[in-house]
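First the structure, in the form of structure tokens, and then the observations on it.
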Number of protein chains: 4
Amino acid sequence: MPEGVVDKREAILRAAGKVFAERGYHATGISDIARELGAGHGTFYRYFKNKEDIARSVVSRALGRISDALSDEDPGSAETLSQYREQVRRIGRKLFELVVAEPELGRILFYDAIAIDRAEPDLAGQAMEAAAAYTAAFIRNGQDRGFLRRDLDAHVVGLAVNGMIVTGAVRLLHVQDPAGMGQPWIHTVETLMFDGLGSS
Amino acid sequence: MPEGVVDKREAILRAAGKVFAERGYHATGISDIARELGAGHGTFYRYFKNKEDIARSVVSRALGRISDALSDEDPGSAETLSQYREQVRRIGRKLFELVVAEPELGRILFYDAIAIDRAEPDLAGQAMEAAAAYTAAFIRNGQDRGFLRRDLDAHVVGLAVNGMIVTGAVRLLHVQDPAGMGQPWIHTVETLMFDGLGSS
Amino acid sequence: MPEGVVDKREAILRAAGKVFAERGYHATGISDIARELGAGHGTFYRYFKNKEDIARSVVSRALGRISDALSDEDPGSAETLSQYREQVRRIGRKLFELVVAEPELGRILFYDAIAIDRAEPDLAGQAMEAAAAYTAAFIRNGQDRGFLRRDLDAHVVGLAVNGMIVTGAVRLLHVQDPAGMGQPWIHTVETLMFDGLGSS
Amino acid sequence: MPEGVVDKREAILRAAGKVFAERGYHATGISDIARELGAGHGTFYRYFKNKEDIARSVVSRALGRISDALSDEDPGSAETLSQYREQVRRIGRKLFELVVAEPELGRILFYDAIAIDRAEPDLAGQAMEAAAAYTAAFIRNGQDRGFLRRDLDAHVVGLAVNGMIVTGAVRLLHVQDPAGMGQPWIHTVETLMFDGLGSS
DNA sequence: TATGAATGAGTCTTCATTCAT
DNA sequence: AATGAATGAAGACTCATTCAT
């Protein structure tokens, strides 16, 4: 694929992501994206099949951003409980910073991905599964190494933990002071994961 | 408000909820709801301002169903940690059974509520806040009575815990055997809340 | 079907026929028909599936007009050659008068019917076949009764004779003095059919 | 005009004719022709003004093919009725073989020529006139030489005869066994022209 | 009160044409 | 001369909403 084509596709996805995040998938017209990009709207159809194709590509791109941000984190690297705790904190901070820096990502993944046609393939559902599998790999590593309890299904734990994270990310999009939200939130998740709520 | 009017409103909301859950908010036409209800579509406009008004009412009604299911659970009733654990399990089972029995509720709250026009008031966000406040009340009760740790913000804990629950409910809508999902899921949430993942 | 619905369909077909005849199928926009009818263009889609559906219905209606004009002519009624000659003249005059009175019919059948989507069912081709079969029935009657030669395939004769008639009708749409064209044209077709071109 | 330019024009017309015949004028995109030709679609606009110009040129080229096929037939050559009969049969066979060999020609002339924008100059109508004038010249020759009846307008006869021929050619495009259609068809036209339908 | 025919604003999508390279 | 990326006018079609009955 020639360089120019990739650039144009990228530019379209960036513009589309911005507008989808602002107005939402259904409220966004092709012409809105065209205006944002400063191009004729016929141009989109040279790079994408239709509006839904653009939207799905925007979501995929956003998922890629998340995935890139965590590419350094190897699910099998932690050897002790405290190493894993540290890893959880680090991942939490990375995700947190990513969403604070680009709230668009959150809006695209948590709002628009769900609003795109409820047909297969279910982009949001698939992404949630993939994310759970990733998190589960960490849990399974801990179970294999003996520092995490074995009586829980790693995949279910993965889903539950991700559920907390996603909820935090969504909340981030609505609070007055997103940056100040990070510390308490990460601390809460970490405490729930490793200590539980019981006193002392 | 006369009795008949309430009945008709209810009937419309029931029909609309069914169709929204099946097809999604944007893919649903007023005429689809009319067909489901067996009434002319002009009728809706005697009871609701517009399509969005119907959708918001459907979501509110669904929230009411959840709230009703938990009306017996008093956030201030648990006096000990083990009483609260038992209460958490009970609430978990209730929610679980509700969504298994009426998957519509899940689809309306987790998919359609988000797809409704991204304008204020943000129905989904408000609902999440309300739910978090409710859960936080339980946490605060435990903190006040001394059986839950005090170093966490009760509201943040409420959000995190609800995040796990919502994720489970969403997953329920997609698995082959929803009924079999309950036990492991509730157990996982309970363990995370009270014991943490550490081994022994 | 209620009376009003039939009327509206009819009114749409009349308006559409007029505009199609004037501008041609492809050059005609739904909005042109709407303007002609004095109705909103959304209205069409309550009565017809799409633009092609309207056009096919317009053509069918035009075919019906032709067929109605000839409904009195029984292919089996002529008992002698001279009776058949008279019948041919009479049919010629009827068709001639119909197209002179409503040139729209000609334009719709000979231009628009062909321009509508080249997909099956091939409206124009089917109509030509049906017309040939009708004419062939007259020929066959003459062959059976012995006053027409038997060495020609009646269906082929039907097609050839209709070919002459259609060509005349098309020409009618373009000449300065359509009414004056009738006599020589009918005479020519009659002569070719019954006498041949040879002198004396 | 340089040689190369003529070649390229020819190549474009050949490709365009092929695609128009396959899909029809309106369903054919400039890019379809470009793909068929294996050239960029911007190229067309160096040789033709626009899509309609290409189409009109394609039709003219097709008319030229017909005209070439009959270039040997001199309207004034027949000196007797039987010579003219023989000439009619020969012309019939030539046209027949041409359309069987290149059905494209038929589709272009009988379908596409009509579908091109209904603006002046009316290509199809003009062609029909020219063809009628050509046929009429044969008739007039016979009338002048005394072997054809004089009470018919030669031009009208020309149109009528051509109408039969065109109808046969159109039919050729649709039948299962085009080659087998020739003999009966030519025989029918010949019989109608010279003998009439009357028995014995 | 209930209906559903009518409406037309709004939207996606196509494709002939242009023009910088 | 040849190309094909870019463009935007044009057009078909949908559907929430209105209102006369």
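Below, read A as the first sequence line, B as the second, and so on, with proteins coming before strands; counting in each chain starts at 1. Model, not experiment: these values are computed from the prediction.
- Between F/dG8 and A/Tyr45, no contact under 4.0 Å exists linking OP1 or OP2 to a side-chain N or O.
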Apply side-chain contact (heavy atoms from CB on, under 4.5 Å) to A/Arg118 and B/Arg23, showing your working. CA-CA 7 Å; A/Arg118 197 121 112 198; B/Arg23 302 155 116 87; over 6 Å; no
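- The CG-P distance, from A/Asn50 to E/dT13, rounds to 5 Å in whole Å.
- To the nearest angstrom, P of F/dA16 lies 20 Å from OH of B/Tyr47.
- Distances shown here put a side-chain N or O of D/Lys8 below 4.0 Å from the OP1 or OP2 atom of F/dA2.
- In this structure, D/Asp117 atom CG and E/dA16 atom P are separated by 12 Å, rounded to whole Å.
- In this structure, CZ of B/Phe48 is placed 13 Å from P of E/dA2, rounded to the nearest angstrom.
- For B/Arg9 and E/dT1, the CZ to P distance is 14 Å, given to the nearest whole Å.
- Residues from residues 30-43 of chain A placing a heavy atom under 4.0 Å of any atom in DNA chain E, listed by number, are A/Ile30, A/His41.
- Counting only heavy atoms from C-beta outward, the side chains of B/Arg61 and B/Arg14 approach each other to under 4.5 Å.
- Stem regions annotated for DNA chain E: E:2-21 with F:2-21, counting only runs of 3 or more consecutive pairs of Watson-Crick or G-U type with both contacts under 3.5 Å.
- At least one side-chain heavy atom of D/Phe48 sits under 4.5 Å from a side-chain heavy atom of D/Arg9.
- In this entry the distance linking CG of C/Asp7 with P of E/dA6 reads 11 Å, nearest Å.
- Residues B/Glu36 and B/Asp32 are not in side-chain contact: their nearest non-hydrogen atoms beyond the backbone lie 4.5 Å or more apart.
- Between C/Tyr45 and C/Ile30, the closest side-chain pair of non-hydrogen atoms falls below 4.5 Å.
- Listed candidates were E/dT7, F/dT17, F/dA1. Nearest to the side chain of C/Arg46 is E/dT7.
- Taking the ring centre of D/Tyr25 as origin, the terminal cationic atom of D/Lys51 falls inside the region bounded by 6.0 Å and 45° from the ring axis.
- Nucleotides of DNA chain F nearest to C/His26 and A/Phe44 differ in position, and the one nearer the 5' end is that of A/Phe44.
- Judged by distance alone, the side chain of B/Thr43 and the main-chain N or O of B/Ala39 form no donor-acceptor pair under 3.5 Å.
- Taking 4.5 Å as the limit, every side-chain heavy atom of B/Leu109 sits out of range of all side-chain heavy atoms of B/Ile114.
- Residue C/Glu52 is the one, among B/Glu52 and C/Glu52, whose nearest nucleotide of DNA chain F lies closer to the 5' end (criterion: closest heavy atom).
- Here E/dT17 presents its C1' atom at 12 Å from NZ of D/Lys51, a figure rounded to the nearest Å.
- In this structure, A/Ser57 and A/Leu13 approach most closely via the heavy-atom pair CB-CD2, 3.6 Å.
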